[in-house]
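A quick write-up on the structure given underneath.
Along the sequence shown, the residues carry numbers beginning at 1. Any value given below was found using the heavy atoms of this structure, including those in side chains, with hydrogens, waters and symmetry copies removed. Being a predicted model, the structure only gives us computed values, none of them experimental.
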Amino acid sequence: MPTIAITPAPRIDFDRKLIASLPASGPRYTSYPTADRFHQGFGESQYRDTLHHTLAAHPDKPVSLYIHIPFCTTICYYCGCNKIITKDKSRADAYLDYLEREFALLAPHLGGAHPLAQLHFGGGTPTFLSDEQLERVFGMIRRYFTLMPEGEYSIEIDPRKVSRESVHRLGRLGFNRMSVGIQDFDPKVQKAVNRIQSLDETRNVIEAAREAGFKSVSVDLIYGLPHQSTDSIKPTLDTVLSLNPDRLALYHYAHLPHVFKPQRRIDTAVVPNSEEKLDILQYAVQLLDERGYVFIGMDHFAKPEDELALALREGRLQRNFQGYSTHADCDLVAVGVSSIGKVGDTYSQNEKDLTQYYAAIDEGRLPVLRGYALNGDDVLRRRLIQDLMCRFALDFADYENEAGTSFADYFAAELKDLRGLAQSGLLDLHDTGLTVSAKGRFLIRNIAMVFDYHLRHRETAAKYSQTV
């Protein structure tokens, strides 16, 4: 970890002119290289070898675990996630049969029941599962991993049709953090995106989480949805803040109906334009700042006493496929259809199609679709980009041993670009390092892109989300 001391930016500096002058889209850097670099030349055998060398050889090594639950009962038109729309709960029973078989296939390559530092259930809608089905999954987890008292165990919650007792049962299972999807409370917006969700349902889940002893409740909002405006978002933000969440994520809606079929049901004419989106975002960011929330990075905010805010302040913040974290330095084992893991200096992704996922397991093999083995340059740049995204500063000396030469020689082209960003006010650049400015923290993806070798050399045709 770098030796630099980090202090949070004093206030958020939202520079609209600067935002408009920079590239509008880029990676979120939940990984480097980004997932568009994954390829089918990395498959099951490479993944097995990595597990043996990285985990089986160190059975006491703490790990993270991601479990993907792909089912939703209804479709939200804005959503671009890997999901299956069904009301048939028996499909989940069949899926859990295969999940259990995937765990059994993994077990010989893990070398024992590793301590579980972090657990995340994502989707889809994890709470599509019944209480009994969730208990069944936790039984699998306990069979193959060792839960830790200080572990970070989170689940994504759709408050619609989740009872207080179900939340308490989640707490008894071991979950201690939850992310609650809200997006917007405006009825007109909810109707346009086919997600009708009441304040009472949402408050019920959040209050139950606090009763059950959850350490952190995060809420997700989306800006740029149809019919949204600065005026329309104000009541939603006031209502959300009255719920007193520990963390808040403010995601940008990318309207790409040619890519995501459900979005074709949204009337493009009522989607806010770029200026209107910036109006909404600027208002939301300033309000959160005024209410005392700490800007963690990108689109994440947290209370000053929250673990993320403390990690930011102490230079311990990390980032992985689930976003900002305090445990992202662990190897990440991923199970379930389409799930992505990180073990050692490799990434792997499971089959994205459910039929293909089932077929691989029926054949007795781990359902790896594609992956990536990092070379030395990738490892160096991954560490550097992680430091930028999480500590907002670089001490050039920290990377020179790994580079085998001076920072200035290894990153000569990058330094040229950094000087331009420094002139624009995104960062302070000096001979021994750089520090990201308050306005630059909001555009950290643009700064990180400078060090993306694959992006610099145009080795990808991927379409990325907007940086702001």
Side-chain angles (χ1 to χ4, degrees), residues 7-29 78 183-184 186 189 220-238 240-241 248-256 268-302 312 323-324 388-390 392-393 417-429 434-452 455 463-468:
T7 56
R11 305 293 285 183
I12 295 171
D13 189 347
F14 194 92
D15 189 329
R16 292 183 67 139
K17 184 177 180 181
L18 181 58
I19 291 169
S21 72
L22 294 171
S25 61
R28 294 183 61 82
Y29 293 114
Y78 56 79
Q183 323 319 346
D184 195 313
D186 187 310
V189 176
D220 295 342
L221 301 178
I222 298 178
Y223 72 95
L225 293 174
H227 299 295
Q228 278 184 339
S229 66
T230 306
D231 287 339
S232 79
I233 204 71
K234 288 179 180 179
T236 285
L237 286 170
D238 288 340
V240 167
L241 291 174
L248 190 147
L250 190 62
Y251 295 115
H252 170 262
Y253 168 62
H255 188 58
L256 301 169
T268 302
V270 297
V271 174
N273 61 33
S274 296
E275 281 297 308
E276 292 168 330
K277 288 180 183 179
L278 280 179
D279 287 340
I280 296 168
L281 179 61
Q282 185 170 12
Y283 173 80
V285 166
Q286 290 174 345
L287 179 64
L288 291 171
D289 192 36
E290 291 168 3
R291 297 292 182 89
Y293 280 82
V294 175
F295 178 49
I296 301 299
M298 293 196 31
D299 30 37
H300 286 65
F301 298 79
L312 171 65
Y324 284 105
L388 265 178
M389 300 290 290
C390 297
F392 303 97
D417 291 345
L418 289 174
R419 292 186 190 102
L421 296 181
Q423 291 174 358
S424 298
L426 273 76
L427 52 92
D428 295 318
L429 181 64
L434 67 83
T435 303
V436 178
S437 68
K439 64 177 67 176
R441 287 190 177 214
F442 212 76
L443 294 157
I444 191 61
R445 290 163 72 180
N446 294 87
I447 301 173
M449 286 162 62
V450 169
F451 292 96
D452 188 330
L455 197 61
K463 302 294 183 183
Y464 299 112
S465 61
Q466 284 191 239
T467 56
V468 175

How far does CG of L248 sit from CG of D220, to the nearest 0.5 angstrom? 8.0 Å
Donor-acceptor contacts under 3.5 Å from residues 419-428 side chains, at least two apart:
from : atom 1 : to   : atom 2 : distance (Å)
S424 : OG     : G420 : O      : 3.3

Can you tell whether the side chains of D238 and R291 come within less than 4.0 Å, N to carboxylate O? yes
Closest non-hydrogen contact found for V271 with G224 is CG1-O, 3.6 Å
Any chance you could measure L288, atom CG, to F301, atom CZ, to the nearest 0.5 Å? 5.0 Å
Interatomic distance, L281 atom CG to R16 atom CZ [nearest 0.5 angstrom]: 9.0 Å
Heavy-atom side-chain contact between D15 and L443 under 4.5 Å: no
Within a strict 4.5 Å, meaning less than it, do heavy atoms of the L287 and L241 side chains meet? yes
Pairwise side-chain contact, D417 with F451, heavy-atom cut-off 4.5 Å (strictly under): no
Test item: D279 and Q228 side chains (from C-beta on) under 4.5 Å apart, heavy atoms: no
Taking side chain as C-beta onward, heavy atoms only, is D13 less than 4.5 Å from S437? no
In terms of relative ring orientation, are F14 and F442 parallel, tilted or perpendicular, with 30° and 60° separating the classes? perpendicular
Which heavy atom of Y223 sits nearest a heavy atom of K277, and at what distance? CD1-O, 3.8 Å
Test item: side-chain donor near acceptor, H255 and T268, under 3.5 Å: yes
Going from CE on M449 to CG on N446, what distance comes out if it is rounded to the nearest 0.5 angstrom? 5.5 Å
Short side-chain to backbone donor-acceptor contact, R441 and G297, under 3.5 Å: no
Test side-chain contact (heavy atoms from CB on, under 4.5 Å) on Y324 and M298; report intermediate values, then the result. CA-CA 10 Å; Y324 284 105; M298 293 196 31; 3.9 Å; yes
Check against side-chain contact (heavy atoms from CB on, under 4.5 Å), L388 and Y29: CA-CA 10 Å; L388 265 178; Y29 293 114; over 6 Å; no
With rounding to the nearest 0.5 angstrom, report the NZ to CD1 distance, K439 to I19. 10.0 Å
I need the minimum non-hydrogen distance between V189 and P226, along with the two atoms involved. CG2-O, 3.4 Å
Determine whether D299 and R28 satisfy the following criterion, salt bridge (charged side-chain N to carboxylate O under 4.0 Å, His left out), listing intermediate values before the conclusion. CA-CA 10 Å; D299 30 37; R28 294 183 61 82; 3.1 Å; yes
Answer yes if the side chains of D184 and T236 hold a donor-acceptor pair under 3.5 Å, and no otherwise. yes
A side-chain contact here means heavy atoms from C-beta on lying under 4.5 Å apart; do F295 and V285 qualify? no
Ignoring hydrogens, what is the shortest heavy-atom contact between S229 and I280? Give both atom names and the distance. C-CG1, 3.7 Å
Roughly how far apart are L225 CG and Y253 OH, rounded to 0.5 Å? 7.0 Å
